[in-house]
Structures are given as C-alpha cells and as structure tokens.
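Below is one structure; the comments refer to it alone.
Computed from a prediction, not measured in an experiment: that's the story for all the values here. Just so it is clear: chains get the letters A, B, ... in the order the sequence lines come, proteins before strands, and each one is counted from 1.
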Protein chains: 2
Amino acid sequence: MGIPKPAAERLARLMQLLEQRKDRESPVSSAELEYITGWPSHTIRKDISFLAAGNDISTPAGYNPARLAQAINGALGFARATHNCCVVGLGRMGSAFLEYGGFHDSLFTLCAGFDSNVNRVEILRADIPLYPAFKMKEIIPRLDITYALLAVPPDQARQTALRLAECGIRGIVNFTPVMLSVPPGVEVEQVSVLDALGALAARLAVGDKT
Amino acid sequence: MGIPKPAAERLARLMQLLEQRKDRESPVSSAELEYITGWPSHTIRKDISFLAAGNDISTPAGYNPARLAQAINGALGFARATHNCCVVGLGRMGSAFLEYGGFHDSLFTLCAGFDSNVNRVEILRADIPLYPAFKMKEIIPRLDITYALLAVPPDQARQTALRLAECGIRGIVNFTPVMLSVPPGVEVEQVSVLDALGALAARLAVGDKT
DNA sequence: TTGTGTGAAAGCTTTCACAGCA
DNA sequence: TGCTGTGAAAGCTTTCACACAA
C-alpha cells in the first residue's frame, strides 16, 4: 500500500514540474519526463504505477498532465489547495523569501514572517504580514500554518525549532547549519549550503554517475 | 571498494559535525553520534567501517575525532584543505551568502561572486571579490573554483549552469526552482525551497517515521 | 508502432547479532 | 563492561523484459 519514500519525493517534484508546464493539455510521455528530470523513464513509470490507478491517467501518447497531477495530489494527500508556510528569522536569507516569486502557482503559500528583532519586523516591507517572534504561538494556529522556513542565526536554531513544534508546525525547512532534533511527528528537511556542498563533494569523490 | 552513496553523504555530514565540535580530543562514541545526528548507531558504525580502516580510528571509549575526520577526508578525497566556491547571481538570495558565516572552519571557501548586472557588482560590499558575469571563464579557472552556488533568476538558470560547466565547475548547488540538465561529470544538488517543502509534504503524507 | 503497466530479478542499504578487543 | 567491527539476513528500490492497449 505504501509508496516508497524516494518514489514519493520524485512524484512530488514531478508534480511541481507539471504545474510549471504551460501546456496542460498535450500528453506527456515518460520519455519526455526522463529528458526533463534525468530520471530513467522506467523509474518514472514505476513511480506513477504506485498511484492506485483508477483514473485514466494515461493515453496512448503519454500521460495527461492534469490528471496525472491530480492523481499525485490525491495519493500524496496534497489534498488542500495550498499549504501555508512562514519564514522565521528575517536576516538576509530569511528576507530573501519575502520577494521570492517561486511560490506563485505552487502548492505552498508564504503567509507570515517572524523575527525576534521587533525593529526589523517594523522596517521591512513585504506583501505578507510580519510579526515579532513572541506572537508565533498565536499566529501560527490562527493562520493555519503547517510549514516553517527556519533562517535564524545558528545559535537560536535549536530552541526556535522546538518552539515551532509546540506551535503546531509539522514540517521545518532548516536553512541553518545546525542539526535539529524535533519531537516525533515533525519532519525536518535540511537545506544548509554546506550540506549541499558536502553531498556534492561526497558524490564526486565516490564517483557517482547520476 | 565503493562506499555507498548514502553512506558517503552521511560521512560528509559527520565530518562537518566533527569540525564544529569544540573538543577535538575526547573520544566520541557511535551512541553519542546517534544522539547528535538521529541516525542509528549501527548505521554510523557501518558507515565508518567502509573507510578502509588502517588508521586506528577507534579507542575502547569511542572514536578519536581528529583521526576519524582525517579518515573520512581521505576516503572521500576531501584531500585539499578547502574547496573553492563562487556565488553566481547576487540578488537577495545570492548576496545573503556574502555575509554567511558558516563557511568558516568548513571545507569550503567562498572566494568569488558573479552577477550579470555590472552595477550590482560595483555597489555591493563584500569580503570577497565580485565580478561581472562575463569574467567567469577567466576567473573560475584562475581561482581554482570547483563549486558554484547558483542563485540567478529562474529564466537564466539553465544557460548559466551550462556556462558554469564550460568554465570547469564540477558541482552546482542549485537554488533556483528550475531543474538543470548538465553535462556528465558535473553534479547538481537541488536546494530549492519548494523542493524541500515538497519533500516534507511527501514524507508527511506517506507517513514516514524518521 | 509507440507508449504504458507490472511481476519478477537484481542490486543496494540497512539492520541484526554476535565476535573481538582493551 | 563498554564499545567497535563485520559477515549475513532482511528490507527496499530500481531495473528489466515483456504483456498489453490504442
């Protein structure tokens, strides 16, 4: 019954690609997806086969993008129109998200920012409301925010993550180089540059041929 | 002979943790590393066992941090003191790296920035030299830069990545939401927020218990 | 003929359990 | 006793090869 986690992650990415794609009508073949993603077509077909079919996703010329996206949506429980996110920590990194356009036509909406520095909160201009950090406990449930982008200074990372968990955050994208430990039920995705560089170096060293 | 790729990535991260760790003398046990990283101790021991031993890494009380770091270094070919990196695209995101402290005492050094906007290059203050983009072909080999942090606007991502590959870049950390296809021999690590959020959502949906 | 769908095989990684060492 | 080290088993994922459908 379960979709393997790697497959689920690929499907999630596939869906984002489908959303970006202008043409929502003409069918997309697994070969084309292979070209775009770099993943072999049989892997893609297999991944798609994990979605309990039912819907007629495929046509003789390939997959129907709209129905495919919908099926992934369903299977991964991306049921709601969008998931609400907040940025925590509005330094260079954090405030960069305030003007990041990528959230448009994605599954995620950035709908609040927090910083412990009240000054900064007042000075920054943004299209979304910014709050002092002590209001997290009030705002996060109120706005139904499930995900947090954590961009605070390293020494505040751990405690902030715990506070976020207490506020009901389910997933944290961790931009700090600090490794977080969070209560069960909360997921963390590490996106430190250093980790990324380390992973690259490791792959180059081991001689991967992805 | 080969170290499994997941193991290599964990080892790379382990090493970063070891570098951060103040105490470079007292031994560190696999149990302690489990606590810090969240990875089970047997996985850690196994990973370490992939490093062709030779060096006496371990003591009866645990691993010698310095020697362990050194062994990982050797096995992953992080032979050189540091790897040189550059930022490409100095918008909000890109310029955030100019003042990011995390590179200190890491394996990576940020040693140049590029932007196609000459104005921006001249106005920004930074501790590292900034260049207009057309100088990449000259500067990258000269400074022996192997890695690039790609933070240009989405519509320039693809072509910039190809240019970087031509300049001899071996690894690209891709901060744009665009999926890159690069020549063989070049590795890409995706760090778009959206991907991270997608992966989180996928994991939460599938019910992972990491 | 072109493309999907999928059981079964192959290939990796992780886990286990216990030997070995100080 | 406390910890590492490691073959062997278990568990996943990916790959393959071919059936099937339009």
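The salt bridge (charged side-chain N to carboxylate O under 4.0 Å, His left out) analysis of residues 27-43 of chain A, with sequence neighbours excluded, yields the pairs A/Arg21-A/Glu32.
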Per-nt protein contacts along nucleotides 12-18 of chain D (heavy atom under 4.0 Å; B base, S backbone sugar-phosphate only, - none) come out as -SSBSB-
Please tabulate, one pair per line, all N/O donor-acceptor pairs under 3.5 Å involving side-chain atoms of residues 148-169 of chain B, not counting sequence neighbours.
unit_1, atom_1, unit_2, atom_2, d
B/Arg158, NH1, B/Met179, O, 3.4
B/Thr160, OG1, B/Gln156, O, 2.6
B/Arg163, NH2, B/Ala133, O, 3.2

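Distance, B/Leu33 CG to D/dC3 P: 12 Å, rounded to whole Å. Per the geometry, CD1 belonging to A/Ile57 stands 10 Å off P belonging to C/dT6, to the nearest Å. Protein atom CG of A/Leu68 is 16 Å distant from nucleotide atom P of C/dG3, rounded to whole Å. Note: CG (A/Leu51) to P (C/dT4) measures 14 Å, nearest angstrom. At whole-Å resolution of the value, CD in A/Glu34 and C1' in C/dG3 are 13 Å apart. Distance CD1 (B/Ile44) to C1' (D/dC3): 14 Å, rounded to an integer number of Å.
In terms of the ring pair (Phe, Tyr, Trp, His ring centres under 6.0 Å) criterion, residue partners of B/Phe97 (sequence neighbours excluded) are, by chain and number, B/Phe175. Evaluation of the side chain to side chain donor-acceptor pair (under 3.5 Å) rule for B/Asn64 yields no partner, not counting sequence neighbours. Residues passing the ring pair (Phe, Tyr, Trp, His ring centres under 6.0 Å) test with A/Phe114 are A/Tyr131, sequence neighbours excluded.
Contact between the side-chain N/O atoms of A/Thr59 and the OP1/OP2 oxygens of C/dT4 is not found at any separation under 4.0 Å. At D/dG5, one or more side-chain N or O atoms of B/Tyr63 fall inside 4.0 Å of OP1 or OP2 (strictly under the cut-off).
The closest side-chain heavy-atom distance from A/Phe103 to A/Ile128 is not below 4.5 Å.
B/Ser30 comes within contact range of the sugar-phosphate backbone alone, with a heavy-atom separation under 4.0 Å but no base atom that close.
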